[in-house]
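Input: a single structure, listed below in structure tokens.
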Amino acid sequence: MSTSSKSNNSDIVQKLWNLCDVLRDDGINYSDYVTELVLLLFIKMVHENTEAGLLNKHTLPDGCRWSDLSDKDGLNLLDDYKRMLLTLSTGKDSVGNTLHTDPLILAIYADAQTRLREPRHLKQLIKSLDSIDWFSAQKDGLGDLYEGLLEKNANETKSGAGQYFTPRALIDSMVRVINPQAGEVIQDPAAGTAGFLIAAHEYIRKSEYYDDLPLKAYSFQKNHAFVGVELVPSTRRLALMNCLLHGMEGDDEGVVHLGNSLGQVGAALPKADIILANPPFGTSKGGDASITRDDLTYPTSNKQLAFLQHIYRNLKAGGRAAVVLPDNVLFEAGVGTSIRADLMNKCNLHTILRLPTGIFYAAGVKTNVLFFTKGSAKDKNQEENCTTNTWVYDLRTNMPNFGKRTPFGEQHLTPFEAVYNLPLTERKEGEWSFNAEEVEAESTEVNKGVDPRLAHSRWRVFSREFIRDSKGDSLDISWLKDANSVDTATLGTPEELAGEAMTELKGALADLEALVASLAGGVKG
């Protein structure tokens, strides 16, 4: 996407986000803005795609289209909109006549209701949507525009979507290094708004060979290549809209199925060539009540450890995965140790990316990406002793404090991608210590513009024996010194420290006595 296109889309996203002021005036909560807005926005986007000849399936039934809203006012408008949502949700009109049977539209609008109470606010939303330059938005696809709105919501809110929205730069980087291909089955068992699945779809779609795919292969990409599972109905609604606007239809349930991957829905998923995921953080409330799988070897109430088991078990032989996981998964003892050992036994855990803090919704959350393949590097059907070496890239130590003022972007991941993409047999540890100022001052254009001192100093390999014998199968591995930390080796002996402290205290006491004397002299005068 060109810079001007990005700017145009950003302007439209901001206009859409500004409509939340209208929703606020109608008493709708901050956390419900996007859900309320997209119920109307999707009808408009289907209209625009249909007008542009980009949508010949999943059109909306008569009486439920944008033209059925745009020329109405007052209570008639609000009543018709409520009737429209009921029809889209159930497929029937108010007297029970069937108006449509499209399973995807039924899933998207399942239980859809508006909380708008004032017809004038609905009319204001409709006029605002009509005023947007949709022709310009069409150039880059309405899916990208919709995705931008979801990202805006995640960045602006401290709960809801913000808890689960993975930074776009990270998603794109994970997809690039996993390198999905047409014909592969790609899954996300914690799909959220389907960011990983859509990024993988767009990556494949932009490949040189995509337009030459035979009809059967193209149909597979559209209907069967991508499968997600999402537990929360309102989030799944956003995901289904997102997928359809990107040309991804899925099966009769859509690309993203409603259900729990840690329950029977997850157990029934077919094996995948690729799994990309960012499972929700936290422990299952009420013990393991939401984890009902009986096929996982190691029972646990830790949702991430349960998801990790599902993922490496659900890969085909030779299948590959990239999974975002918090630090506790890397070092939790007990069952956590057993699961990590089982992962390294059945899969080749070849790479770990230690992510910076502050790139997710909570500043203190520390996360990592685990990259692994089912089987060993030499034999994809092998299921024992598959990990021999694990490379760790430390993108956390001596990194900026990311946030709104210092956004995390693709440029921060470029050095990692450069070394990741070297064949495992050609990966080499660096010979340079990390010195940010030196690298900035003496940067050399090598390896696609990545200075090797910056990349390799963060890049180190650890044998399976070291991880087992020296780390007790903990994967919480770091070696770089934090520039802001205090090195205890240079602090001196306890006696020296005590002497320095005493000297400073005596000096402070003398200054205080002088100040008291000065004040006393002033009073006497």
Side-chain angles (χ1 to χ4, degrees), residues 166-167 169-181 184 186-190 195-197 199-200 203 272-279 304-305 307-327 329-330 339-356 359 366-378 380 382 386-396 410 412-429 455-456 458-464 467 473-478:
T166 309
L170 179 60
I171 289 178
D172 290 341
S173 179
M174 290 167 63
V175 168
R176 281 193 295 268
V177 298
I178 286 292
N179 189 27
Q181 301 295 306
E184 293 185 310
I186 302 168
Q187 290 181 2
D188 183 349
F196 278 114
L197 298 176
Y203 179 89
D273 297 289
I274 293 174
I275 297 180
L276 297 157
N278 177 13
Q304 300 87 43
L305 287 172
F307 268 107
L308 180 57
Q309 285 188 84
H310 163 80
I311 290 167
Y312 69 75
R313 290 167 57 96
N314 214 48
L315 285 173
K316 296 178 182 179
R320 52 207 190 276
V323 188
V324 180
L325 294 165
D327 271 15
V329 172
L330 273 58
I339 292 170
R340 290 189 298 272
D342 193 43
L343 166 66
M344 289 183 279
N345 191 42
K346 290 183 171 64
C347 299
N348 178 17
L349 176 63
H350 53 80
T351 308
I352 297 174
L353 171 62
R354 288 168 57 85
L355 292 170
I359 66 172
K366 295 181 178 179
T367 55
N368 315 267
V369 186
L370 272 58
F371 298 88
F372 49 89
T373 57
K374 192 69 170 286
S376 72
K378 295 181 179 179
K380 67 181 182 181
Q382 182 176 331
C386 292
T387 299
T388 55
N389 292 300
T390 298
W391 289 81
V392 181
Y393 193 97
D394 186 347
L395 195 61
R396 183 181 304 170
E410 289 188 7
H412 299 107
L413 290 156
T414 300
F416 164 71
E417 291 184 38
V419 290
Y420 180 100
N421 286 324
L422 293 172
L424 293 177
T425 54
E426 296 180 17
R427 290 181 173 183
K428 295 180 181 179
E429 289 188 70
H456 292 183
R458 296 182 175 275
W459 186 233
R460 186 163 292 187
V461 66
F462 300 90
S463 69
R464 178 70 185 94
I467 294 171
D473 281 335
S474 168
L475 296 170
D476 187 28
I477 302 171
S478 62

Any side-chain donor near an acceptor of the partner, Tyr203 and Asp172, under 3.5 Å: no

Check against side-chain contact (heavy atoms from CB on, under 4.5 Å), Val177 and Phe371: CA-CA 10 Å; Val177 298; Phe371 298 88; 3.6 Å; yes

Arg340 side chain to Leu330 backbone, donor-acceptor under 3.5 Å: yes

Within-4.5 Å side-chain heavy-atom neighbours: Arg464 and Thr387: yes

Point-to-point distance, once rounded to the nearest 0.5 Å, from CZ of Arg320 to CZ of Phe372: 12.5 Å

Matching residue for Leu355 among Asn368, Asp394, Val369 - test: side chain to side chain contact (heavy atoms under 4.5 Å, CB included): Val369

Pairwise side-chain contact, Thr373 with Cys347, heavy-atom cut-off 4.5 Å (strictly under): no

Lys/Arg-Asp/Glu bridge criterion (N-O < 4.0 Å) met for Asp476, Lys366: no

Aromatic ring pairing Trp459/Phe416, orientation class (parallel under 30°, perpendicular over 60°, tilted between): perpendicular

Residues Thr351, Leu370; criterion side-chain contact (heavy atoms from CB on, under 4.5 Å); working and verdict: CA-CA 6 Å; Thr351 308; Leu370 272 58; over 6 Å; no

Ion pair check, Asp273 and Lys316, cut-off under 4.0 Å: yes

Row check, Tyr420 ring normal vs Arg427 NZ/CZ: under 6.0 Å, within 45°: yes

Those residues that, when tested against Ala272, pass side chain to side chain contact (heavy atoms under 4.5 Å, CB included) (two or more places apart): Val185, Gln187, Ile275

Spacing of Leu413 atom CG and Tyr393 atom OH [to the nearest 0.5 Å]: 8.5 Å

Intermediate values then yes/no, side-chain contact (heavy atoms from CB on, under 4.5 Å), Gln309 and Phe307: CA-CA 5 Å; Gln309 285 188 84; Phe307 268 107; over 6 Å; no

Point-to-point distance, once rounded to the nearest 0.5 Å, from CE of Met344 to OG1 of Thr388: 12.0 Å

Taking every non-hydrogen atom, the tightest pair across Pro180 and Val175: CD-O, 3.2 Å

Euclidean distance, Lys374 NZ relative to Tyr312 OH, rounded to 0.5 Å: 9.0 Å

Donor-acceptor under 3.5 Å (Arg396 side chain, Thr367 main chain): yes

Closest non-hydrogen atom pair between Val392 and Ile477, with its separation: CG1-O, 4.1 Å

Value rounded to 0.5 Å, distance of CG in Leu325 from CG in Leu305: 8.0 Å

Shortest non-hydrogen contact from Ala321 toward Leu315: CB-CD1, 3.9 Å

Side chain Thr390, main chain Leu349, donor-acceptor under 3.5 Å: yes

Closest contact, heavy atoms only, Asn278 versus Phe196: N-CE1, 3.8 Å

Cys386: side chain to side chain contact (heavy atoms under 4.5 Å, CB included) partners, not counting sequence neighbours: Ser376, Gln382

Non-hydrogen atoms of Leu197 and Ile186 that approach each other most closely: CD2-O, 3.7 Å

Nearest heavy atoms of Asp473 and Ala341, plus distance in Å: OD2-CB, 3.6 Å

Rounded distance (nearest 0.5 Å) linking atom CE of Met174 with atom CG of Asn179: 14.5 Å

No-hydrogen, no-angle side-chain donor-acceptor test under 3.5 Å, Ser173 and Glu417: yes

Any donor-acceptor pair under 3.5 Å from Glu426 side chain to Leu424 backbone: no

